[in-house]
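What follows is a single structure, written as structure tokens, with notes after it.
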Protein chains: 2
Amino acid sequence: MEYMTTAPTSAAAPGPAGTDEPRWLSAEEQRVWRSYIEASTLLEDHLDRQLQRDAGMPHLYYSLLVKLAEAPERRLRMTELAMLAKITRSRLSHAVARLEKSGWVRRENCPSDKRGQFAVLTDEGFEVLRRNAPGHVEAVRQAFLDRLTPEQQKALGEIMEIVAEGLQPSEAGADLPWLR
Amino acid sequence: MEYMTTAPTSAAAPGPAGTDEPRWLSAEEQRVWRSYIEASTLLEDHLDRQLQRDAGMPHLYYSLLVKLAEAPERRLRMTELAMLAKITRSRLSHAVARLEKSGWVRRENCPSDKRGQFAVLTDEGFEVLRRNAPGHVEAVRQAFLDRLTPEQQKALGEIMEIVAEGLQPSEAGADLPWLR
DNA sequence: GCTTTTTACTTGAAACCTCAACCTCTAGCT
DNA sequence: AGCTAGAGGTTGAGGTTTCAAGTAAAAAGC
């Protein structure tokens with residue numbers, strides 16, 4: 001049905017043929033995968049629109065500002081920010097360039113490593129966050145959290161943690177020199 | 001912690017102040033929301049890369065081909081395809097233009113409605129699908145399904161269905177004239 | 001029948017993302 | 001010290017997405 005996760009033709013019988021037949025998805029597996037993709041598409045779109053309309057930036061950019069706001073001194077090394085946000089350095093570079101143009105972030109050189117750059121949240125950036133946080137939480141609640149029971153929330157959290165774990169660039173994790 | 005779903009400053013006490021204080025997320029709610037965003041970001045990226053590398057197109061485009069492959073006659077009206085894929089018509093228009101350029105889809109006029117267009121999967125398009133389906137299922141399994149227990153899969157399916165339901169453009173649903 | 005409103009779809013520009021190539025600096029050799 | 005491999009970050013080109021605006025045909029009003 002979905003995502004060509006079942007045999008392209010309706011040929012292949014379940015039993016493994018001589019050639020090692022791919023492990024196509026069962027009907028239930030497909031249902032799960034399909035709902036996941038649909039919901040995540042819709043949700044991302046929804047929040048992007050909410051924030052674009054209210055705060056003038058896409059969801060990812062907003063989340064970058066948030067991470068800066070939470071960091072000590074409201075500043076983070078580019079690479080660390082990229083890792084926290086789960087995006088590539090390149091994407092972050094472009095994003096910060098835009099946020100800088102909007103006046104919400106400023107770059108600063110790292111004194112201890114001349115290659116390094118800090119992304120620093122400006123006061124203006126913080127203001128944007130303060131103004132939009134209430135609306136955004138409300139959006140997240142009404143589209144997502146408030147629709148789930150506490151048990152469902154708990155289950156989902158565990159599930160997504162497992163998935164994330166499997167996809168991290170292995171990240172031995174401990175070694176982030178900048179964190180003292 | 002995440003997504004400015006908690007008070008911007010560490011001010012606000014839990015009790016509702018005189019002005020109706022936003023319902024900030026609790027620690028557990030934040031954990032859930034954060035893992036969801038992280039995992040979904042990583043997963044989307046992962047599959048986009050897998051398909052871009054192997055099939056020469058992003059995940060969404062692949063899924064469009066799949067939906068066409070599953071449709072009767074391997075053809076679908078633009079609007080219906082857009083609804084199935086949960087994307088805007090505009091996005092679909094651009095996407096189909098590209099897929100057409102690659103030779104995987106062809107457009108055809110709808111005889112009964114001169115405004116209408118069909119997107120039709122070409123044989124070439126079907127071939128691409130056949131070649132790449134096994135690799136893609138495997139990717140979906142190893143990044144996602146195979147990491148979850150059957151109970152987790154079931155729970156996730158239910159959860160995502162709830163979320164999706166809340167975000168659909170209400171879609172009374174029954175009325176799709178083209179479906180006879 | 002004729003106007004008005006909707007529906008179906010496309011378009012172009014601007015924003016965004018990806019990928020590979022690049023530069024600079026650090027750290028680890030020797 | 002000098003050399004090299006790798007880390008930190010940016011860049012530009014090309015592909016993708018969004019948003020607002022546009023065309024054309026169908027449906028609904030009158």
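A, B, ... follow the sequence lines: proteins, then strands. Residue 1 opens every chain.
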Rounded distance in Å - [atom1] ([X]) to [atom2] ([N]):
| X | N | atom1 | atom2 | result |
| --- | --- | --- | --- | --- |
| A:Ile87 | D:dG9 | CD1 | P | 13 Å |
| A:Asn109 | D:dT10 | CG | C1' | 13 Å |
| A:Leu60 | D:dT18 | CG | C1' | 16 Å |
| B:Glu100 | C:dT11 | CD | C1' | 15 Å |
| A:Asp48 | D:dT16 | CG | C1' | 14 Å |
| A:Glu44 | C:dC16 | CD | P | 14 Å |
| A:Tyr61 | C:dA14 | OH | C1' | 12 Å |
| A:Gln52 | C:dA14 | CD | C1' | 11 Å |

**Report entry** 5' priority, DNA chain D, between A:Leu92 and B:Lys114 [closest heavy atom]
**Finding:** A:Leu92

When you check the phosphate oxygens OP1 and OP2 of [N], does a side-chain N or O of [X] lie under 4.0 Å from one of them?
| X | N | value |
| --- | --- | --- |
| B:Arg115 | C:dT10 | no |
| B:Arg49 | C:dC19 | yes |
| A:Arg98 | C:dC16 | yes |
| B:Arg107 | C:dT10 | yes |
| A:Gln117 | D:dT10 | yes |
| A:Arg89 | D:dA7 | no |

Report task. Report yes if a donor N or O on one partner sits less than 3.5 Å from an acceptor N or O on the other, where the partners are the side chain of B:Ser90 and the base of C:dT10; otherwise report no. Result -> no

Query raised in the report: Checking only heavy atoms, does the side chain of B:His94 share a donor-acceptor pair with the base of C:dG12 at less than 3.5 Å?
Result: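 It does, because a donor-acceptor pair links the side chain of B:His94 to the base of C:dG12 below 3.5 Å.
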
Query raised in the report: When you check the gap from the basic side-chain N to the acidic O, do A:Glu161 and B:Arg31 get nearer than 4.0 Å?
Result: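 Salt bridge between A:Glu161 and B:Arg31, a charged N being under 4.0 Å from a carboxylate O: yes.
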
Query - Salt-bridge criterion met for B:Glu138 and B:Arg141 (N-O under 4.0 Å) - result: no

Requested in this report: Work out which heavy atom in B:Met78 is nearest to a heavy atom in B:Ala119; give both atom names and the distance.
Outcome: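 Heavy atoms of B:Met78 and B:Ala119 come nearest at SD-CB, 4.1 Å.
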
Query raised in the report: Taking all atoms of both residues into account, what is the closest heavy-atom pair of A:Leu25 and A:Glu29, and its distance?
Result: CA-OE1, 3.4 Å

Report summary line: Closest to the 5' end of DNA chain C, once B:Gly116 and B:Asp45 are matched to their nearest nucleotides, is B:Gly116

Query raised in the report: How is A:Phe118 classified with respect to the nucleic acid when contacts are heavy atoms under 4.0 Å: base, sugar-phosphate, or nothing?
Result: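 Contact class for A:Phe118: none.
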
Report summary line: Side-chain contact check for B:Pro58: nearest option of C:dC9, D:dG9, D:dT16 is D:dT16

Report task. Find out whether B:Leu68 and B:Leu64 are in side-chain contact, i.e. whether some heavy atom of one side chain is under 4.5 Å from a heavy atom of the other. Result -> no

